[in-house]
Amino acid sequence: MSFKHQLELAVRRAMDSAEIPADCAPMVVRSNRPEFGDFQANGAMAAAKQLKTNPRQLAERICQALAEQLGERADKLEVAGPGFINITLNGAYIGAQFAAPAAATQRNAQTVVVDYSAPNLAKQMHVGHLRSTIIGDAIARVLMHRGDTVIRQNHVGDWGTQFGMLIAELEEQLGSGERAELALADLEQFYQAAKLHFDADPAFADKARAYVVKLQGGDSHCRQLWQQFIDISIAHNVALYRQLGVLLTAADTMPESAYNDQLGDVVATLVNDGIAVEDAGAKVVFIDELADKNGNPSPMIIEKSGGGYLYATTDLAAARYRQQTLRADRVLYFIDARQSLHMKQVFATARRAGFVEPSMQLEHLPFGTMMGADGKPFKTRSGGTVKLADLLSEAIERATALVAEKNRDSDIGADELAEIARKVGIGAVKYADLSKTRTNDYIFDWDSMLSFEGNTAPYLQYAYTRIVSIFRRAGLAIDSFAGAVAIELPQERALALHLLGFEELLEQVARDCYPHLLCNYLYELASLFMSFYEAAPILKEGVTAISKESRLALAMQSAKTLALGLELLGIDTMDRM
RNA sequence: GCGCCCGUAGCUCAGUUGGAUAGAGCAACGGCCUUCUAAGCCGUGGGUCAGGGGUUCGAAUCCUCUCGGGCGUGCCA
């Protein structure tokens with residue numbers, strides 16, 4: 001049970017005493033100003049509105065009952081303004097929370113499918129894939145930490161029309177003695193070559209088109225060429241995931257092609273149930289829930305007039321698979337905001353067709369576009385897409401220069417410096433993205449991101465190393481340290497209260513799938529620690545044994561929380577930097 | 001046309017189911033290192049929350065309209 005939840009229960013009991021209906025929430029939040037105490041309960045005013053009574057008097061009644069509920073746990077309770085109840089907790093009570101960690105809240109673990117990353121295997125991964133990949137990964141980590149069974153699914157594109165062109169090109173290059181690994185060493189280059197070939201040579205173009213049909217018809221020669229291409233492409237992606245510190249492996253790949261043999265059945269089922277109808281030669285689902293103001297239902301084509309299937313068909317098959325085979329309780333789709341309408345269509349149709357049960361949650365977690373400094377989609381100077389591999393290389397390069405600069409006089413060896421630079425560079429890229437509200441577009445800017453000041457990953461990593469350094473200097477093992485927290489200074493109180501809100505925060509992140517909430521929490525934690533550290537000496541002369549133990553305990557708790565929080569974001573920490 | 005999203009300090013961004021005097025970082029200015037890592041800390045200045053109207057004890061937040069921007073909208077994914 002979270003710390004705040006204990007307070008909510010106490011306030012709610014006090015509200016019971018004041019005979020306030022059970023549907024009125026206690027609305028306990030951290031106070032935004034020191035003079036308003038540690039927490040404030042705002043529920044009295046809403047309750048008074050419902051009961052048509054005086055809010056101030058109602059708050060007084062709750063406050064009196066709350067005094068009995070909290071007893072010595074509160075130092076001060078007062079009603080302020082129109083009916084705020086300000087709660088100042090007893091310092092010893094706050095400190096005691098660290099000695100006896102609250103029992104974990106009983107909750108039903110869910111089976112959650114997390115659908116993220118999903119690059120197209122025809123090309124190299126580019127910056128457009130970054131957001132889905134790292135946001136999805138962070139949420140997957142948070143859910144796992146909270147005990148859910150997480151099934152990662154990388155719904156890669158491996159079945160589009162361009163694969164005919166690509167395998168025809170591969171066939172030619174292999175024919176001239178090239179090895180597949182070498183031919184495909186640079187997927188972007190290979191794609192360009194195939195495209196040029198396709199545009200310049202009509203015979204090649206015809207073969208490419210024929211190969212699409214043969215591939216999808218199961219021709220073994222085409223299938224074998226395709227498989228070579230796919231294997232190498234996935235290997236490229238997995239290498240990037242590893243560099244990026246993302247959990248996805250080849251085993252998490254659940255490609256579009258995996259649903260190929262189910263698409264006919266999906267369409268047949270929808271037609272038989274009268275959900276899909278033929279219209280202008282195509283099979284279409286008309287969705288009334290998504291009708292516009294004039295009553296025109298929203299159309300979703302699931303089979304082309306020529307007989308081919310579309311990604312809507314594949315997504316429907318995937319939804320059914322996740323229900324019937326994976327038995328998921330919840331499916332999270334980390335997909336670009338521009339596909340919102342498509343996702344709504346798929347969800348509505350999947351439900352109407354009974355592909356998913358009403359109890360299964362389908363959630364589209366959209367995200368905005370990464371923009372350049374000019375406010376337009378992030379591109380290279382020449383206007384091309386920025387390859388993910390290049391982006392990461394540049395981040396490490398810039399971090400290497402900075403780390404070298406900062407450690408001019410340090411005794412840290414070259415290997416360790418390189419490792420620090422890698423963690424700082426990759427962490428900065430990931431954090432810059434994760435710390436922005438998921439649903440908004442955001443401006444990607446090297447200078448602000450790699451200035452490594454303010455709300456950045458290096459600031460958090462630095463805070464962590466400072467704490468580790470304290471323990472190293474004190475000759476204490478941080479992992480096994482245990483000590484009593486005794487609150488004295490306001491900075492200690494603020495830090496302690498913030499630390500006690502971690503569990504609650506993770507609950508919110510798991511529910512809403514907004515990693516920036518975790519970033520904001522960690523940034524505030526690091527800031528509070530820094531202020532605490534300035535104000536509260538730990539290893540210096542004249543610090544009493546009780547203070548020292550308490551401050552070490554707070555520092556240890558801060559380090560643990562920072563390390564865990566960063567790990568859940570997929571960002572590495574180090575012992576020194 | 002219709003639909004979805006966005007508009008908060010010079011810049012980049014927070015702002016909880018509606019809560020008290022809207023907060024950070026960067027940039028600017030002023031302090032703090034012979035003492036636990038200065039990638040840090042403390043302080044100052046900076047706002048018509050795009051605009052109008054409404055709901056109420058209370059609105060950046062909810063409703064409505066206007067302006068401005070982005071995206072989507074039947075045979076790509």
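Below, chain A is the first sequence line, B the second, and so on; all start at residue 1.
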Checklist entry - When you check the side-chain N and O atoms of A:S547 and A:E488, is any donor under 3.5 Å from an acceptor? => result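 Yes - a donor-acceptor pair under 3.5 Å links their side chains.
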Exercise for the section: Ignoring hydrogens and angles, state whether a donor on the side chain of A:H342 or A:Q345 is under 3.5 Å from an acceptor on the partner side chain. Expected result: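 Distance-only check fails for A:H342 and A:Q345.
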Within a strict 4.5 Å, meaning less than it, do heavy atoms of the A:I420 and A:K406 side chains meet?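 No, every pair of side-chain atoms sits at 4.5 Å or beyond.
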[atom1] gap between [N] and [M], integer Å:
N	M	atom1	answer
B:rU61	B:rC5	P	16 Å
B:rU16	B:rA77	C1'	36 Å
B:rC13	B:rG54	P	34 Å

Please pick, from [options], the nucleotide with the shortest atom-to-atom distance to any side-chain atom of [X].
X	options	answer
A:M577	B:rA39, B:rC13, B:rU73	B:rA39
A:K304	B:rU35, B:rU56, B:rC76	B:rC76
A:M530	B:rG18, B:rC2, B:rC41	B:rC41
A:N42	B:rC71, B:rG19, B:rG74	B:rG19
A:R338	B:rG72, B:rA14, B:rC57	B:rG72
A:K436	B:rA38, B:rC57, B:rA14	B:rA14
A:P537	B:rC36, B:rG40, B:rG18	B:rC36
A:P82	B:rC57, B:rU12, B:rU37	B:rC57
A:N440	B:rG72, B:rA14, B:rC76	B:rA14
A:Y533	B:rC36, B:rC57, B:rG74	B:rC36

### Query
5'-most contact on RNA chain B: A:N294 or A:L539, nearest heavy atom basis?
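Checking each residue's closest nucleotide, the 5'-ward one belongs to A:N294.
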As a test of the definition: with a 90° window around 0 for syn, would you call B:rC33 syn or anti?
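Chi for B:rC33 falls in the syn range.
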request  = I would like to know whether A:E416 and A:R576 meet salt bridge (Lys or Arg N to Asp or Glu O under 4.0 Å); could you show each step before the answer?
outcome  = CA-CA 9 Å; A:E416 188 177 346; A:R576 53 182 187 168; 2.9 Å; yes
Has [X] got its ring stacked on the base of [N], with centres under 5.5 Å and planes less than 30° apart?
X	N	answer
A:F36	B:rA20	yes
A:F84	B:rG19	no
A:Y442	B:rU12	no

Each base of RNA chain B marked ( ) or [ ] if paired in-strand (Watson-Crick or G-U under 3.5 Å), | if paired to another strand and . if unpaired gives (((((((..((((.....[...)))).(((((.......))))).....(((((..]....))))))))))))....
*Return the residues of residues 402-409 of chain A meeting this criterion: a heavy atom under 4.0 Å from some atom of RNA chain B. Order them by number, or give none.*
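By residue number: A:L402, A:K406.
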Examine [N]: is either OP1 or OP2 under 4.0 Å from a nitrogen or oxygen in the side chain of [X]? Give yes or no.
X	N	result
A:R466	B:rA38	yes
A:S469	B:rU37	yes
A:H516	B:rG15	yes

Distance in angstrom units between A:N296 CG and B:rU73 P, rounded =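 In whole Å, B:rU73 P and A:N296 CG are 17 Å from each other.
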Figure out the CZ/P separation between A:R30 and B:rG23, and round it to whole Å.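 Rounded to the whole Å, the gap is 16 Å.
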| said: When you measure from the side chain of A:N120 to the backbone of A:A122, do you find a donor-acceptor pair of N or O atoms at a distance under 3.5 Å? | reply: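 Between the backbone of A:A122 and the side chain of A:N120 there is a qualifying donor-acceptor contact (under 3.5 Å).
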Considering the options A:Y431, A:Y523, A:Y464, which one meets the ring-ring contact (aromatic ring centres under 6.0 Å, His included) requirement together with A:Y459?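 With A:Y459 as partner, A:Y431, A:Y523, A:Y464 yield a single ring-ring contact (aromatic ring centres under 6.0 Å, His included), made by A:Y523.
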Note to self: Applying salt bridge (Lys or Arg N to Asp or Glu O under 4.0 Å), can you list everything that pairs with A:D336, at least two apart in sequence or on another chain?
What the structure shows: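 Applying salt bridge (Lys or Arg N to Asp or Glu O under 4.0 Å) to A:D336 gives A:R338.
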